[in-house]
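What follows is one structure encoded as structure tokens, with my remarks underneath.
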Number of protein chains: 2
Amino acid sequence: MSHKKSLNPARVGCPMAKRTFVVVGHKVSTAPDFTLDDLAGSTGRLDILLRAIHSALLISHGVRRDSEIYLVLRGPPDPPITLRVDGEKVRYLNPDERSTGALVRQALIKARKLGSETGSEWMESTPGFFVSRKGLGDVLDLFEKRDLIYLHEKGEDIRGVDLSGEEVYLLSDHVDFTPEEENLIEKKGARRISLGPVNLHTHHAIILVHNELDRRGV
Amino acid sequence: MSHKKSLNPARVGCPMAKRTFVVVGHKVSTAPDFTLDDLAGSTGRLDILLRAIHSALLISHGVRRDSEIYLVLRGPPDPPITLRVDGEKVRYLNPDERSTGALVRQALIKARKLGSETGSEWMESTPGFFVSRKGLGDVLDLFEKRDLIYLHEKGEDIRGVDLSGEEVYLLSDHVDFTPEEENLIEKKGARRISLGPVNLHTHHAIILVHNELDRRGV
């Protein structure tokens, strides 16, 4: 729960949940042995998740302190690993892919010290970057008391939906959720919400959610 | 003018202007002697413009063929240089900064073959990438018959504004337009339009414009 001053005047001083995004990277490497010179090619598309971090947490000349993002990595050799980046605590976050790729690599080095049990605790690798052995199911279990929103082209239009600002938004990377993931999401009662008529990149979808919430002051 | 099939069913077969974005990079290098390993540090923030290209032209698994972006480079050693990236013609455009940085570098190498006169012709460097010695004034002169929109935090809310889909959107990079640029923009009769209550990165603003136009089918 965040008690910090929010960017949004309507949220100042309100103890409420952070704006939360969960993104699954289906093939993203769970080992730190990739090169920063080829983030799109050598990492199972970590580049997509790096841009998602930026969309979730960066605004012009600042950080969204009231937001957080979970990245569920499902690629080889050692899935699942989940990173959490907390806007309230993050430091050294710049808007270029390479420097954020280096922070993720440090988190994956730290992950080697975690046991093999899923659902385990979080370890902080650099300020605001946390790593654990959680998978998607474990992550969704963290949000038992919050509404889940599955961003989906065939959902209801977000502009017509009541939002409290405490929802958790679920997104996939460049490939769709698997049937197993979709079952898990449906079983948790997630509501399908659409952002518009054109299928967008993951990090672009996050921008549209933020804008809708910014406008509503929630 | 684009006669190609648009992404948007409402625009199919309609000969109309492309969706056009103009972004000024105030300190972006006008020489190709930078390294792809440090696009944020060594280029005068070319990284911002690379992300703007991606926002203007890329959607999930495709290119916005009905869109184009002009990048006015004003950094040393040899300003101004303007790049135009045309969604209808572009090839080899991937969503990572490094590969698009390489395309811009090729355009700047090509620019060395241009004379020193501003307002000169365009040369194509790679498919869909064009380079010229135009400055902001020359670029705005191209749009005499179209409405200009200056995206500005104190403008009217875009959601309440009539849009034909033929407007030209003007944006700056991480620094504001200079007073001279602002005068030029005002003199051309640009209308100030706001996207929401929070100041966003340039490439995030472009996403919001696209979404608004996608929703309206213009």
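A, B, ... follow the sequence lines: proteins, then strands. Residue 1 opens every chain.
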Among I206(B), L36(B), L208(B), the residue with the most heavy-atom pairs under 4.5 Å to chain A is L208(B)
For this session: Inspect the contact between K18(B) and D86(B) and indicate whether a charged nitrogen and a carboxylate oxygen are less than 4.0 angstrom apart.
Result: yes
Under 4.0 Å between a Lys/Arg side-chain N and an Asp/Glu carboxylate O for D47(B) and R98(A)? no
Under 4.0 Å between a side-chain nitrogen and a carboxylate oxygen: does that hold for D173(A) and R74(A)?
no
Okay, H210(B) and chain A: the region with an atom under 4.5 Å from a heavy atom over there is neither
Counting heavy-atom pairs under 4.5 angstrom with chain A, the leader among T202(B), N94(B), L200(B) is L200(B)
- Query: Does a side-chain heavy-atom distance below 4.5 Å link L163(A) with I158(A)?
  - Reply: yes
Of H54(B), R159(B), H204(B), the largest count of non-hydrogen pairs under 4.5 angstrom with chain A goes to R159(B)
Quiz prompt | NZ/NE/NH1/NH2 to OD/OE distance under 4.0 Å, K89(B) and E68(B) | solution = no
Ranking P95(B), A40(B), G196(B), S99(B) by heavy-atom pairs under 4.5 Å to chain A gives rank one to P95(B)
Answer key: most heavy-atom pairs under 4.5 Å with chain B among L50(A), L195(A), I48(A) is L195(A)
So does E97(A) pair up with R45(A), basic N to acidic O under 4.0 Å? no
- Heavy-atom check, side chain of Y169(B) versus side chain of L213(B), under 4.5 Å: yes
If one checks every heavy atom of D157(B) against chain A at 4.5 Å, the contacting part turns out to be side chain
Whatever's closer than 4.5 Å to a heavy atom in chain A on N199(B) counts as both
Applying a strict 4.5 Å limit to non-hydrogen atoms, the region of L58(B) in contact with chain A is both
